[in-house]
Every structure is written in structure tokens, then in C-alpha cells.
Amino acid sequence: MGNVLIVAEQSGGHLKKASLHAIAAGQAIAARTGGKVHVAVLGKGIGAVATELASFGVTVHAADAAGLEHYLAETFTPVVVELAKGLGATFVGAAATAFGKDLVPRVAARLGAATATEVLGFGGSGAAVTFLRPMWAGNVLAEVDLATPVKAFTIRPTEFPVAPKGAGGEVKAAAVADPGPLPTRFVEFKEVKSARPELTEARIVVSGGRGTKGDFKELEGLADDLGAAVGATRAAVDAGWVQNDLQVGQTGKVVAPELYVAAGISGAIQHLAGMKGSKVIVAINKDPEAPIFQLADYGLVADLFKAVPELREKIRAGKGS
Amino acid sequence: MPLKILVTAKRVEDPESKIKVKPDGTGIVTDGVNYKMNPFDEIAVEEGLRLKEKHGGEVIVASIGTDRSMTEIRAALAMGADRGILVKHDGPLDPVVVSAILDKVLEKEKPDVVLLGKQSIDDDQNQVGQYLAERRGLGQATFASKVESLESEAEQKKQPGIVLSADGKSVRVVREVDGGLVTVDVNLPAVVTCDLRLNKPRFASLPGIMKAKKKPVEEIAAATLGADLAPKVVVKKLSEPPKRQGGFKVADVAELYAKLKGEAKVF
């Protein structure tokens, strides 16, 4: 009873770390319902990913087929739905990535389930699980009940730990039926390659906003000195200064690194929604009245083009000593 | 090929408004809060208008809510949409209920392209397009974006980011996903949800606002549609998230570095 099905995400045979947070969320539910955690992984040539997932002590259902090489909601949905039905899963979830947010509602619709997006934690008691999630750009925390027999959800990875390694895991082959004629076709994926760590997984994030006036060189330099990811505000992305997927905020990525450096960022609530869970926040801004300072652990009123190079020098000197 | 395009326009709290939770946790304080069209829906309306300008056809704007949602329908009509549909419903609206209602609207209108915001900025759920596509058995392209930036020439010329195929049977959509952009072809009728970088919505002109007053808006009582209106995402309690304690200023870079090294121990 109360089995949980988590859909893991992989790309080109590499497991997305966000999936491990989703498995931990699934384990938290299963601990309350007395159910078991199952993990679905779909794609082509995913044997190694499936084995890796099984090392977390879960039963992995690997759907390995040529037709699943490029993700489409229309091809993944029937596989996940059949698995959920076969396993008697009453909870179906994934991480709240672009993949999870695209797929889970479609799966839920076919299962007659309601969905909670960007879940931060669980409420209720015993097997009656409620979902805690942000609304209004994180200005409101809501406890919601899903009034359907099957409940679907996506979790915010920063709010859950990584699932611990465990024994007893196994890999099973999942059935992949011919989906028939498809309404949607994959054309291409233009990957934005970066040598820097992924924004949502980085220990340190260095972000810039309008105050950079489009010059991210010093911030990128600081990021590289620290092994950090680069982030940006919506204004910086809209202006085309950095690529789209570096946007931090309500409608971009939500990050919670150990250190978040906000340079030339005033602190609109939509941006704060994406970074206020960071452990330590540093703000560098010329305007002493910028709202970001109210949130920052360490605020420095300064021109970022002077302060950032100076900070980089100190970091480099510190490393040498 | 002329396109019949249906766009959505949800009434939401202005993103600039200060949102406060009522002391009893049953809702938010609405006094002094301004309302407007969901910003993502504005992008959907704009894209619908650009597609119509390029291919001909009709843009229908739909909203669900009380009489007050007429303001958002008129706003879309003032931007250039041709006619409106207001589905009147006074109860709670979750993505399951909204998609059930839109399912019935689509059944009646049979549009070629349905454009929705990828999420509304009140409940931030990001689900309706996906539910609607599945209910209708249609292809979905969520998080529609485009390769060109919002400062590009294509954007200045108000070209649609969604491209109709030569045979008029599908649309090509560039989707914003983690780590890059995915391009998909979706057969018509297609459901597309719009992301921030798809376009910059136009402002309504004064003649547009005047014309909008005379454009037809059909009012339909939700209860007459035969859709299940019982809420499935039930909000039990709202609260304000814990406030972050900040506000400490350092004098210079030297102090910042010392604090980060000695106190925060981040390097």
C-alpha cells in the first residue's frame, strides 16, 4: 500500500543529481505510508544509469528503447503510467526540473491525479500526506491536500537531501509498448556547454544583474576562482547578456548553495524567490537602499567593477599562503 | 493558412504587489492589491497576435473567474484579440478544474493552436497546458522560447517565435529546458505554453482600448459545461515563510574577505 514511483532523469546516459533528491522525498513518503519506493528511468542505452540508481536500495524499472532516446512527454507518459498502475503506486513524483514539470502533470492527467509543483516538504499525519509548496513567488507557503486517489508531485531539489546508498536494490526491465502515431516529434537539442558546475548543484553561485551593464567578465572570473556556477537575474538574461538557463528566480532556477554572491542585483522579489534559501548571501551593490541588502549576511556598498577584482586578488593571495 | 488561435488570460495579483497572508491562514489580504493579466498569459496573447498577423485567422481569448475577469479579457482584446469567452466560476480554481473547463471550451471552439502562459504567478503550479494536452490527446510544447534574444531584429519586427510548417499541419517550437534549447514539431491542433523569452508583449493602444469595448465576449456559466468543478488541489492553510535575518554590512572588501573566511568559512 502507498507505493511511491519516482521518475528519474538522465541525459545521454548521465543521471541528473536532482533525481537523487526526488528519491529521498519518495523515501520520506514511503516511510509514512509503509509502501515501497520504485524508480523509473527511461531512455536509450541507460543500463549504467539503472545500475547506479539501484545502488540507492530501490527497485529500478528501466525502459530502454530506441524510441525513448529523446525525451518527449508523449512517449514517456504511457510507460510511466503503465508502471504506476502495475505497481499500485499512489504517489508519483519527480524533481521539479524542466523535465519533471513537463512530464509529471501529463502523467497525472492520465492517472486522474492532481499534482503539487515545487514541493518543499510534507505535512499531515501518518499515511495522510499533505504537500508544502510555495505560492506567489515564494511569498506564501501553502499546505495543500490532493483530493485524488493517486497524488502526483514535483519536488524542489534544494529542500531534500540526497538519498543514501542502500542494499537490496535491483533493476527490472520495464515494458515499452508502441505508442502509435505521435503528435510531437523531436527535432534537435542545442546544448549550452559550460565548464562550470551546474547552477542548481554548485556549492557557490556568483550572480549578476543589471548593475553589470552586460559585462560578466569579472563575475565569471570570480566564479572560476571559486569553482562556482554563474547565475543571473531575469533582466540580465532578457538583455541577452548570458544564456537563458542561468536565470535564478521564481520562473528560473531555484538555488540554495553554501555561498551566493549577488553583484549588481537590486533584489526584486522574483529573484529573491530563487536564492533566499542560500546559506550565506553576499550582496555587492552601489545603491545602499537596494532591497538585496535586507537579505544579505554580508552587504558591501561598492562598485562591483572595483570590489570584485579586489576580492579576487584576496582570494588568490589567500590560496597562495 | 489562416489559424484559429485560442489564448488564455488569467486574472492574478500584480507581481509588484505586496502579498500578505490573512492571520487565520485562509487566504491572502486582498485590500490594496492590484490585479492584472498573468504576465505569462500576456506573452501567449502577444504570440497569438503575431501568428495571426503572419498567417491570418482569429485570436480568441478565454478566461475563467467572476465578472472581474472581464478586465483581463478586455485587456487582451485591447491588445488586438478578436473576441472573448468568459467562463463564469466563483469557486476555487486549480489546474485540474481549469483544464477540465478549457477542455470543454476547446471541444466547442476547435482551435488550431492553444497558447497559454507556462504558469500563473499566483499559485505557480505550471500544469494547465500539460493537463489540457493530455485531456484532448494533443501534442504539447511547454516553455516555448526562441533562439533569437529579446533584443534581436526578429523581435523588433514582431515575428512569431512559433513557426507554422509549409504544409500548415504542424508548428515548430523551441523549448527552454535545463542545459539548452530543444526544438520540437507538434501537429495541429497543438497546445503551447509560453516562457519569458518568447516575446515582449505589446502595450494596448488607445484606439485598441476603444475598439475592445465593442468586441464580442461570450459569457458561459461553468456549471453548464458538464466539467467536474470539484477542486482537487485543496489549500488547507497558507502561512508566511520564515523571514531571513540579514542586513549586516561590511565596510570594505578586506572585511568581506575576512568574514567569509573566518566567520562563514566558505573558503
Side-chain angles (χ1 to χ4, degrees), chain A residues 73-74 97-98 101-102 105-106 109-110 114-115 117-118 130 134-148 183-192 226 234 238-240 244-245 251 258-259 270 276 280-282 293-301 307 310-311 314-315 318, chain B residues 13 15 19 21 28 94-96 121-127 130-131 133-135 138-140 142-143 145 149-151 172 176-187 196-197 231-241 244 246-250 253 256-257 259-261 264 266-267:
Chain A
E74 292 80 354
T97 57
K101 286 180 178 178
D102 185 61
R106 185 146 192 152
R110 199 169 294 187
T115 308
T117 302
E118 293 263 5
T130 60
M135 291 168 75
W136 287 281
N139 286 301
V140 176
L141 183 65
E143 181 184 1
V144 302
D145 189 21
L146 300 181
T148 46
T184 311
R185 288 164 303 282
F186 170 86
V187 179
E188 64 169 342
F189 177 46
K190 270 206 190 117
E191 193 178 0
V192 183
L226 296 171
R234 179 183 168 187
D238 279 358
N244 293 350
D245 70 338
T251 58
E258 282 177 42
L259 172 64
Q270 287 80 7
K276 64 184 174 190
V280 176
I281 296 174
V282 169
F293 284 125
Q294 293 164 22
L295 225 76
D297 300 285
Y298 307 111
L300 175 63
V301 181
E310 214 182 303
L311 181 61
K314 292 218 179 295
I315 290 167
Chain B
E13 289 73 21
I19 302 295
V21 177
I28 59 162
D94 66 42
V96 181
I121 57 146
D122 47 4
D123 66 2
D124 282 332
Q125 280 273 53
N126 191 336
Q127 297 172 11
Q130 295 90 311
Y131 270 84
E134 172 60 25
R135 283 179 187 277
L138 302 177
Q140 72 187 44
T142 55
F143 325 144
S145 187
S149 89
L150 289 178
E151 307 298 325
R172 180 158 288 193
E176 194 168 323
V177 299
D178 299 330
L181 296 170
V182 165
T183 305
V184 291
D185 285 339
V186 190
N187 292 350
L196 292 172
R197 254 74 63 178
K232 299 293 187 286
V233 182
V234 182
V235 176
K236 296 185 68 163
K237 192 174 187 293
L238 298 182
S239 57
E240 288 188 12
R244 197 187 167 92
F248 182 80
K249 291 231 174 74
V250 290
V253 172
L256 174 62
Y257 179 76
K259 291 279 184 195
L260 287 176
K261 199 174 171 72
V266 286
F267 40 73

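Just so we're on the same page: letters track the sequence lines, and every chain starts at 1.
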Go through [options] and name the one with the most non-hydrogen pairs under 4.5 angstrom from chain B.
options                                : value
A:Gln294, A:Glu191, A:Lys314, A:Lys276 : A:Lys314
A:Leu295, A:Leu259, A:Thr130           : A:Leu295
A:Leu311, A:Ile281, A:Asp245, A:Asp238 : A:Asp238
A:Pro105, A:Pro134, A:Ala137           : A:Pro105

Worksheet entry | Which atoms of A:Ala142 approach chain B - backbone, side chain, both or neither, heavy atom under 4.5 Å |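 Contact with chain B: backbone and side chain both.
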
Region of [X] in contact with chain A, defined by heavy-atom distances below 4.5 Å:
X        : answer
B:Arg135 : neither
B:Tyr131 : both
B:Leu181 : both
B:Phe143 : side chain
B:Pro15  : both
B:Val96  : side chain
B:Val250 : both

Select, from [options], the one with the greatest count of heavy-atom pairs under 4.5 Å involving chain A.
options                                : answer
B:Lys232, B:Lys259, B:Gln125, B:Glu13  : B:Gln125
B:Val21, B:Asn126, B:Leu196            : B:Leu196
B:Arg244, B:Lys237, B:Glu151, B:Lys249 : B:Arg244
B:Pro231, B:Gly179, B:Pro95            : B:Gly179
B:Val186, B:Val253, B:Val182           : B:Val253

Discussion item. Taking side-chain hydrogen bond (donor to acceptor under 3.5 Å, both in side chains) as the criterion, tell me which of B:Thr183, B:Asn187, B:Asp185 meets it with A:Arg185.
Written reply: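 So the option named by the test is B:Asn187.
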
Sidechain-backbone polar pair: [X] side chain, [Y] backbone, donor-acceptor under 3.5 Å:
X        : Y        : result
B:Gln127 : A:Ala114 : no
B:Gln130 : A:Ala109 : no
B:Asp178 : A:Ala98  : yes

Worksheet item: Between A:Arg106 and B:Glu134, is a salt bridge (charged side-chain N to carboxylate O under 4.0 Å, His left out) present by the stated rule, with each step listed?
Response: CA-CA 6 Å; A:Arg106 185 146 192 152; B:Glu134 172 60 25; 3.0 Å; yes

Is the closest side-chain heavy-atom distance between [X] and [Y] below 4.5 Å?
X        : Y        : value
B:Thr142 : A:Lys101 : no
B:Asp124 : A:Glu118 : no
B:Ser239 : A:Leu141 : yes
B:Lys261 : A:Ile315 : no

Response to the item:
Rounded to the nearest 0.5 Å, the CD1 atom of B:Ile121 sits from the CH2 atom of A:Trp136 at a distance of 10.0 Å

Response to the item:
Of all heavy-atom pairs linking B:Gly139 and A:Thr184, the shortest is CA-OG1, 3.3 Å

